[in-house]
Amino acid sequence: MTTLTQPGAGAAMATPDASVRPVLSVEDLRAYYVLDLFGVKREVRAVDDISIRIMPNEIYGIAGESSSGKTSLIKTIAGAIQPPLTVVGGKVHFDFRGKSIDLYSGAPADLDAIRWRHLSYIMQGSMNVLNPVRRVRQAFIDFAARHIAAPSRRAFEEVVVAHLDRLHLSPHVLDAYPHELSGGMRQRVTIALATVCKPEFIIADEPTTALDVVVQKRVLAMIREVQREIGSSLLFVTHDMSVHANLCDRLGIMYAGRLVEEGATSDLFASPKHPYTQHLISSLPRIGDRTPREGLKGTPPNLADPPPGCRFHPRCPMAMEVCRTVVPPFVTAGKGRRVACFAAEPETIPDGIANATRSIAA
Amino acid sequence: MHGYGQYILKRLGQFVLVVFVGISITFFVTHLTPIDPVETTISAAAAFGSTSPEAIAMLRETLRELYGTEGNVIQQYVTFWGRILQGDFGPSLSAFPTPVSELIARALPWTIGLLVTATIIAWVLGNILGGLAGYYRSNVLLKMSGVLAMGLHPIPYYIVAFVLLILFAYVWPIFPLSGGYRMNLAPRWDATFILSVLYHSILPALSLILVGLGSWFMGMRALVSNIVTEDYVQYAELGGVNRRRILSRYVMRNALVPQMTGLAMSLGAIFNGAIITEEVFGYPGIGSLLVDAVHAGDYSLVLGITTISIVSVAAAVLIIDLAYPLLDPRVKVA
Amino acid sequence: MRVVFDLLRTNIEFAIGMFLLAIVVIVSALSFVSPYEPDLIYVVFPDMPPSAEHIMGTTSRGQDTFWRLTFAMRNTLLFGLSVAILSRILSLLIGLVSGYLGGAVDRVLMSINDTFVVIPLFPILVLFYFVMRDSMSWVGLAIIMACLGWAYDARLIRSVTMSLRTREFTQQSVFSGMTTRQIVSQEHLPYVMPIVFSTTMNNMNWSIGLEVTLSVLGFTNINTPTIGTMIYWANQHTALVAGVWWWILFPVLMVVILFIGLFLLAVSMNEYIDPRSRLSRMKGAA
């Protein structure tokens, strides 16, 4: 994996508490799908210049519509990228208790050593993450046995059963094949599997998307509970803003491969600064509110050929002349808030652009 | 357990259907043609000159009953089944008066021995190599073996067997030209005889393995390159599960399920191959017996071998099908 | 047509397969300008090694090996093509009906289908020859083999049809009032046809392989020149022992060229059809 580390442009980072070191720091990360079709090179900029810091014991949410690059981002963060997705620049650094690692400069073996012990993963489409021809017990042995110091198989199984019990799961699930469990059950078993080693960092990618609402609620409660209990950080990705509202401490909004706004969840919902965030929040249903929801015109941009300037400008109701040509910088905007928008932060508009603030919105 | 019982019942039904359809085809193939095999056979037998008139009369009677010229087609069909269910094909013409069943019983162990060994070796080896080639895509040695397997696979058994015979028995005679054991040995359970049998079986087995290996190799490689993109494999990789364990327990283990179905599906073709191979190497099994029977005009023997072939292939498929739930826990509920 | 050029340019397997097949077709076509009648024997001096006059030598039966081979190749190719076309019709019919109607019809058809997949055909074909003897022509054999060799591909076509049936555009056609026959022939056939073409190659390999085997053993009409009967006659005259190696080598070489050519075409076409492998090609190129 080639690594191009650029000197930190992420100076304007906002951290809630400067005395605690973040578990994860992502700096100016860029990961593109590099395609070469019959000699024609194409780049799809799925992750473009993203910087995030996640603190211990924090739940950080990433929101955005499908194909906004959020899955590519967490794949990159989890060190799970495969060609054609390639890291073309930036840094992913984990600072675990007694062990820190730079994902795209260390040897792959180091990565295997932290997996599951320090960093675990709850995957999208969790229906199929368990090997269909082996019992659930085998999955626990394969994933966790090398990290849990137990004198015997029996002792190891006691640890696993205790953990299952804590999550209100019957030890009988160990004897089941995945197909014998319901969808919600399978997801809960996967969460148990991902947390049995008490990792310091958990990445959850749309873990509740395929579930029905009631099961979804139970699974979310379970994630929250286990996160509190083991005190790990959680990076939670979903397109569902209502889930973010209920779960996350802080929230990052992604649009077309970039972070456009970040802040504490309550602040963000109370006063969204970026027009895209405003749209996401206003489209949430509220009890008693009967006004029709306004749709966003247009479609998400093609990441192989994104629009110049602010990537949101063709769909933005507040778009100005400057948005067409200049990429708005991601700057601190109040306590713990960052935003990339000329309309929200007019002082970031560079000088010397004619008619910079003339509206272009239709 | 209820689901498993249903599965067994279904498989048994399929077994009965294969036997029924197969044997019905042999009946109609022989009865819808304008030629009366009984008289053709008798005249061929008479032309041999060595058979006594009583023997010919007895032969005609068996053949008439077996072939069934009495009554209409339905009645003939019923009589035909009666004979077959008893396993009674009457005496052989070419080895008169030895019963057909005895000739078959003598040849069958050779064929089954050769076939089972060669098929298992080809299947296991093809799956292991194909699995490795699918998982380690950039390995040059595995790529080369893939090219070799692809080149060998489409060539029919006969040609492969023939070329092997020419190369390793004529041009570079390190293996015997034909036979199942050394001519001057009496079949006995001792080391000399068994070694001789093994030595004689190497070339025929090799030809079966070479052809079979290719298709298992390619099937497995294609399956593996699909399975590595499955969620459970990616998840195990994210979980830092030991790579060798991922390859064996996650990737190959899941690919074996369709490969097992493939084995059951291609047993008929493999059997065809064994028959042909035996003829090329003069191996004393069912195949050689069949070819000799055709040349000698031995109707009852040909019919007997055809029937036995169908039943034994159907039985082998049934055995695989019954073992299948051990490999795939999902069939119990399906 | 554009597809063919595309494949020739980008797919090495397809290009090699086409090249090998072209050799075979050209050789077969040359039979039309052969200076010798196919059925005559002892028209040239027997047992001559390859020379300028007889590029593949002459056989012990006094035939020119090369020109004999052109007739043999033509018949073999025609035979394979006939079986393929006939059995394609059967598998298409059964596969589409089974996949589209589903339910009980599907279950019954598929058990019959699986039965035909499993039954060992070789003994049955031998039995057939045994009864027919020399009155069995290659046309008769082709018909029999087509009737026995449709099953494997019918299952394939069925599974494709089943997946098509559940797609949206099928539902839409149903709502727009198209009849089943219209939907199958206008909407689904275009998806199924590429599979029919690629299975044609495999089916030809299968049928020609069986024909060669039957002929070599003398279980077909041995007077029709095919690749199999050529090897049969060579064996009858113990060509190898007598040192007339060219009588065996060239037919075997020719048929191996045909098999590999057909196989490569089938493989490359499968790859072309399967969207997943298309994707992996894109990845591989990156």
Side-chain angles (χ1 to χ4, degrees), chain B residues 13-14 17-18 20-22 25-26 29-31 33-35 37 40 150-151 153-159 162-163 166 170 218 222 225-226 229 264-273 275-276 279-280 286-287 290-291 293-295 297 299 302-303 305-310 312-314 317, chain C residues 13 111-112 114-133 135-136 140 144 147-148 152 155 201-202 205-206 208-210 212-214 216-219 228 231 235 240-241 245 248 252 255-256 258-264 266-267 270 274 276-277 280 284:
Chain B
Q14 191 67 45
L17 195 67
V18 170
F20 175 76
V21 172
I25 291 176
T26 66
V29 159
T30 49
H31 283 73
T33 52
I35 293 151
T40 328
M150 256 174 85
H153 154 77
I155 304 170
Y157 288 102
Y158 183 84
I159 303 283
F162 196 61
V163 169
I166 290 171
Y170 273 109
M218 287 190 306
S225 51
N226 276 336
T229 65
M265 298 268 268
S266 52
L267 271 186
I270 296 172
F271 186 82
N272 291 345
I275 287 185
I276 296 151
E279 171 54 22
V280 176
I286 289 285
L290 177 67
V291 174
V294 174
H295 288 310
Y299 178 73
V302 173
L303 195 64
I305 292 174
T306 311
T307 311
I308 284 296
S309 309
I310 293 165
S312 28
V313 169
V317 171
Chain C
E13 281 153 9
S111 348
I112 295 173
D114 291 354
T115 305
F116 274 92
V117 168
V118 163
I119 289 176
L121 297 182
F122 190 73
I124 292 177
L125 291 172
V126 170
L127 181 69
F128 185 66
Y129 164 77
F130 185 83
V131 180
M132 292 290 284
R133 290 283 164 180
S135 43
M136 183 162 91
I144 295 270
C147 291
L148 299 173
Y152 209 88
R155 189 170 255 292
M201 312 296 164
N202 285 328
N205 259 357
W206 168 79
I208 292 174
L210 267 182
V212 167
T213 306
L214 284 169
V216 167
L217 300 176
F219 293 166
I231 303 174
N235 280 340
L240 275 181
V241 182
W245 51 266
I248 292 272
V252 169
V255 82
V256 168
L258 174 63
F259 282 126
I260 295 183
L262 285 173
F263 172 73
L264 286 178
V267 168
N270 270 338
D274 184 9
R276 264 204 284 202
S277 67
S280 76

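To find a chain, count down the sequence lines: A is the first, B the second, and so on, and within it residues start at 1. Note that the structure is predicted; figures quoted are calculated from it, not measured.
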Handout entry: Heavy-atom check, side chain of C:Tyr129 versus side chain of B:Val294, under 4.5 Å
Key = yes

Handout entry: Contact origin within C:Asn202 toward chain B - heavy atom pairs under 4.5 Å
Key = neither

Fill in the blank from the handout: Okay, C:Val212 and chain B: the region with an atom under 4.5 Å from a heavy atom over there is side chain

Exercise for the section: Keeping the roles fixed (side chain from B:Glu279, backbone from C:Leu217), state whether a donor-acceptor pair exists under 3.5 Å. Expected result: no

Practice task
Would you mind checking which part of C:Ile248 comes under 4.5 Å of any heavy atom in chain B, side chain (CB onward), backbone (N, CA, C, O), both or neither?
Solution key: side chain

Practice task
Check whether any side-chain heavy atom of C:Asn235 lies under 4.5 Å from a side-chain heavy atom of B:Phe162, and answer yes or no.
Solution key: yes

Fill in the blank from the handout: Note: vs chain B, highest number of non-hydrogen pairs under 4.5 angstrom among C:Val255, C:Val117, C:Leu258, C:Val216 is C:Val216

Fill in the blank from the handout: The interface call for C:Leu264 against chain B, heavy-atom contacts under 4.5 Å, is side chain

Fill in the blank from the handout: Scanning both residues in full, the closest heavy-atom pair of C:Pro123 with B:Ile275 reads CG-CD1, 3.8 Å

Handout entry: 4.5 Å side-chain heavy-atom contact, C:Ile124 and B:Ile310
Key = yes

Practice task
Compare all side-chain heavy atoms of C:Phe116 with those of B:Val18 and state whether any distance is below 4.5 angstrom.
Solution key: no

Practice task
Would you indicate whether C:Tyr152, at its atom OH, is surrounded by more than 12 heavy atoms from other residues, nucleotides or ligands within a distance under 6.0 Å?
Solution key: no

Completion exercise
Whatever's closer than 4.5 Å to a heavy atom in chain C on B:Ala293 counts as backbone

Problem - Structural part of C:Asn205 lying under 4.5 Å from a heavy atom of chain B - result: side chain

Problem - Heavy-atom proximity to chain C below 4.5 Å, by part of B:Tyr157 - result: neither

Handout entry: Any side-chain heavy-atom pair of B:Val313 and C:Ile119 under 4.5 Å
Key = no

Exercise for the section: Examine distances only and state if a side-chain atom of B:Asn272 and a backbone atom of C:Pro120 form a donor-acceptor pair shorter than 3.5 Å. Expected result: no

Completion exercise
In terms of heavy-atom pairs under 4.5 Å with chain B, the winner among C:Leu127, C:Ile260, C:Val252 is C:Leu127

Problem - chain C contacts, top residue of B:Ile159, B:Val163, B:Ile305 (heavy-atom pairs, under 4.5 Å) - result: B:Ile159

Completion exercise
Whatever's closer than 4.5 Å to a heavy atom in chain B on C:Leu148 counts as side chain

Exercise for the section: For each of B:Thr307, B:Val280, B:Ile286, B:Ile25, tally heavy-atom pairs with chain C at distances under 4.5 Å, and name the one with the top tally. Expected result: B:Ile25

Problem - C:Leu121 CG to B:Ser309 OG distance, which is reported to the nearest 0.5 Å - result: 11.5 Å

Problem - C:Val118 vs B:Leu267 side-chain heavy atoms within contact, under 4.5 Å - result: no

Handout entry: Aromatic ring proximity, centroids under 6.0 angstrom, C:Phe130 and B:His295
Key = no

Exercise for the section: Would you mind checking which part of B:Val317 comes under 4.5 Å of any heavy atom in chain C, side chain (CB onward), backbone (N, CA, C, O), both or neither? Expected result: side chain

